[in-house]
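What follows is a single structure, written as structure tokens, with notes after it.
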Amino acid sequence: MKEPSDKPEALANEIALAAGSRVGATNERIVAIFDEIADLLDVENANPFRVRAYRNAARSIGALTEDVGAMLARGTDLATLPGIGTDLAGKMREIAETGGSELLTRLRRETPGQIQMLLSLPGLGPRRVHRLEHDLNVHTMEDLAAAAREHRVGMLPGFGPRTEQRLLDAVQARLDRHRRFSLDVAMRAVDPLMAHLRSCGAAQDLAVAGSYRRGRDTVGDLDIAVASGRPQAVIHAFLAYGQTRSVISAGSTRASTVLMNDMQVDLRVVPASSYGAALVYLTGSKAHNVALRKMAQARGLKLNEYGVFRQGRKIAGRDEASIYEALGLPWIAPELREDTGELDAARDGKLPHLVEARDIQGDLHVHTNESDGVDSLEAMVMAAGRDGLQYLAITDHSPRLGITHGLNASRLAAQSDAIDALNAKGGLPTILKGIEVDILEDGSLDLPDAVLGRLDLVVGAIHSHFDLPADKQTARLLRAIDHPHFSILAHPFARLIGEREACRFDAVRVFRALAERGACVEANGQPRRLDVWDTGCRLAKSSGVQVSIASDAHRSADFRNLAWGLTQARRGWLEAADVLNTRSLSRLRAILKKTM
DNA sequence: GCCGTTTTCGGCCCGACTGTTTTCAGTCG
């Protein structure tokens, strides 16, 4: 459940990113400044509740869906926001107007060095950083490494030789370290580990919790909840797992290890009567949990990983639903637990009926070996049928993408004949004729209108010039969307997780254009893409744009990517009605017709 | 520094594990 610092990747911030650093950029800046102020105050031994006030405020601002600059322009009183009083409202205004903060400038002057970097080292918190700064004059990673090598760190009160060595290791490991893992990599680690834990016979119930269960686009570590009356046996089996590289800690109910693939795993064992509470606790997010505990406290209750307690007596804990019920709430799907409005929605009976796997009727982005896919048209259609799909669209690449052996007009015509023949045979999912057409640098499409007009749908995507300035990228996409045959904007941000940054454009304008044209946006389910991801889905919904959850399958096994795309859609609060490919074939055709 | 269906003062989310302390602070999730 380790979060990237303490702040959820907030809707406002990601929309800011998407919009090319205009909409919401103020929020992003305030969050960064407040978090840094909190770190610096913490190291200075300031009142811990003052520190917390800055962290709470940062989290609260991070969850806003509206830009603070816009709110100020409208005359909104920022002190009405949760966790914001007159003082912080003033600092927010200062940041919005000047881009900086006098307090931060002063704190930085008083506490020079890489405080935030030092704090990010495992085992190093504000108290120890304070000690290092004052007693050893350590301000940077280099200072720390030097002091540790000279064994000056281990001499400090509260430190010892083991801490010293761990810090030295941590500084060195920092250089070549993969922080987060894609979901498919995580899944390949999860499945055998869970099978191993089940086989020990001491686990009555177990589940992976944490960001993996919430369906975040990447996973930092694995959190596993286990119900057992024999915790020692479970811990023993866990430590003995064959893929374990090292043991970080091991107690009577809890242990942490690192797997061979460098992924950290945290295991927690509780009695079956507390399993639901442990699952809530380990699933997080941290922000969601903090909010839940505050709700509990407001009702005179206490919530921890063992249950909900009233005056020391347990009133819930066995399953998750009982925990939420004790707090007066319906059960909340893990994908929504980010403290971005789900608790208010739950309290008001306004939680969305999230789209489910069984709602998905087809897949509108599929490749074959005619372009860069591995399997033939027939094999892909058969596989789609086995996976229960009613229809699929074949969308091979267009010619410009030479490396993919993209289809020109005549090869597309030949593929069309093959599709007609397969459709005529019947008994298989209906095949729609499509193309993943390249959106060229100027926003034109890579095939003539006459060719595109003969297809059932046109999926457009950019595969080059990812780093255009935001205004040019926006214009490029707007021109493409305006094309008379344009149906679906595929993987709009063209990001590759951990490899390529999302490209920058004004997402609000682009989505508005999609809505006006009756066109759709794709939630691409390839685990390295996940594009659009949760926040984009939410923006689509608020913009009135339908989302196509797509596998972008390049081989018959890839239809499972639909599940990853579905998870992002659920994290984006989408219901079946918000998703294009939950429609029956006839409804789908009617919707597509509007764009053709 | 924020906040109030017990409160405008006195609270602020909760518990396990480690390394260091010889009774617990610091860190982490």
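Atom set for the values below is all heavy atoms of this structure, side chains included, hydrogens, waters and symmetry mates excluded. In what follows, chains carry the letters A, B, and so on, assigned in the order in which the sequence lines appear, proteins first and then strands, with residues in each chain numbered from 1.
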Distance between the [atom1] atoms of [N] and [M], in whole angstroms?
N	M	atom1	answer
B:dT27	B:dT20	C1'	13 Å
B:dT7	B:dC2	C1'	13 Å
B:dC3	B:dT8	P	16 Å
B:dC17	B:dT22	P	23 Å
B:dG26	B:dT21	C1'	12 Å
B:dG1	B:dT6	P	28 Å
B:dC9	B:dC14	C1'	24 Å
B:dG15	B:dG10	C1'	24 Å

Measure from [atom1] on [X] to [atom2] on [N] and round the result to the nearest Å.
X	N	atom1	atom2	answer
A:Lys302	B:dG15	NZ	C1'	9 Å
A:Gln297	B:dG15	CD	P	12 Å
A:Leu124	B:dT27	CG	P	7 Å
A:Tyr281	B:dC14	OH	P	13 Å
A:Arg216	B:dG29	CZ	P	14 Å
A:Asn304	B:dG15	CG	P	5 Å
A:Arg131	B:dG26	CZ	P	9 Å

* Asked: Does A:Arg318 have any side chain to side chain contact (heavy atoms under 4.5 Å, CB included) partners at least two apart in sequence or in another chain, and if so, which?
  -> A:Ala272, A:Ser273

* Quick one: list whatever passes side chain to side chain contact (heavy atoms under 4.5 Å, CB included) with A:Ile115, sequence neighbours left out. => A:Leu40, A:Val43, A:Thr111, A:Leu119, A:Val129, A:Glu133

* To do: Could you tell me which nucleotide pairs with B:dC3 by Watson-Crick or G-U wobble geometry, both distances under 3.5 Å, or answer none if nothing does?
  => B:dG10

* Under the side chain to side chain donor-acceptor pair (under 3.5 Å) test, residues paired with A:Lys302 that sit two or more places apart -> none

* **Set of side chain to side chain donor-acceptor pair (under 3.5 Å) partners for A:Ser274, sequence neighbours left out** => A:Lys314

* Structure fact -> With B for base contact, S for sugar-phosphate-only contact and - for none (protein heavy atoms under 4.0 Å), nucleotides 16-24 of chain B reads BSSSS----

* 5' precedence on DNA chain B between A:Gly125 and A:Leu301 (nearest-nucleotide basis) -> A:Leu301

* Asked: Does anything in residues 97-108 of chain A pair up under side-chain hydrogen bond (donor to acceptor under 3.5 Å, both in side chains), and if so which pairs, sequence neighbours excluded?
  -> A:Glu36-A:Arg108, A:Arg93-A:Glu97, A:Arg106-A:Glu110

* Pick base, sugar-phosphate or nothing for A:Leu292, based on heavy-atom distances below 4.0 Å to the nucleic acid. => nothing

* Would you classify A:Pro48 as touching base, sugar-phosphate or nothing, given that sugar-phosphate means primed atoms plus P, OP1 and OP2, and contacts are heavy atoms under 4.0 Å? => nothing

* Structure fact -> Regarding B:dT22, purine or pyrimidine glycosidic angle vs 90° from 0 gives anti

* salt_bridge(A:Arg495, A:Asp217) N-O dist < 4.0 Å -> yes

* Do any N or O atoms from the side chain of A:Ser228 and from the backbone of A:Arg230 form a donor-acceptor pair under 3.5 angstrom? -> yes

* Under 4.5 Å between any side-chain heavy atoms of A:Pro192 and A:Tyr241, yes or no? -> yes

* To do: With sequence neighbours left out, write down each residue that passes ring-ring contact (aromatic ring centres under 6.0 Å, His included) with A:Tyr54, or none if nothing qualifies.
  => A:Phe34

* With sequence neighbours left out, what residues match A:His151 under ring-ring contact (aromatic ring centres under 6.0 Å, His included)? -> none

Contacts under 3.5 Å, N or O only, protein and nucleotides 1-7 of chain B:
| unit_1 | atom_1 | unit_2 | atom_2 | d |
| --- | --- | --- | --- | --- |
| B:dG1 | O6 | A:Asn47 | ND2 | 3.1 |
| B:dC2 | OP1 | A:Gly85 | N | 2.8 |
| B:dC2 | OP1 | A:Gly85 | O | 3.4 |
| B:dC2 | OP1 | A:Leu88 | N | 3.0 |
| B:dC3 | OP1 | A:Gly83 | N | 2.9 |
| B:dC3 | OP2 | A:Ile84 | O | 3.4 |

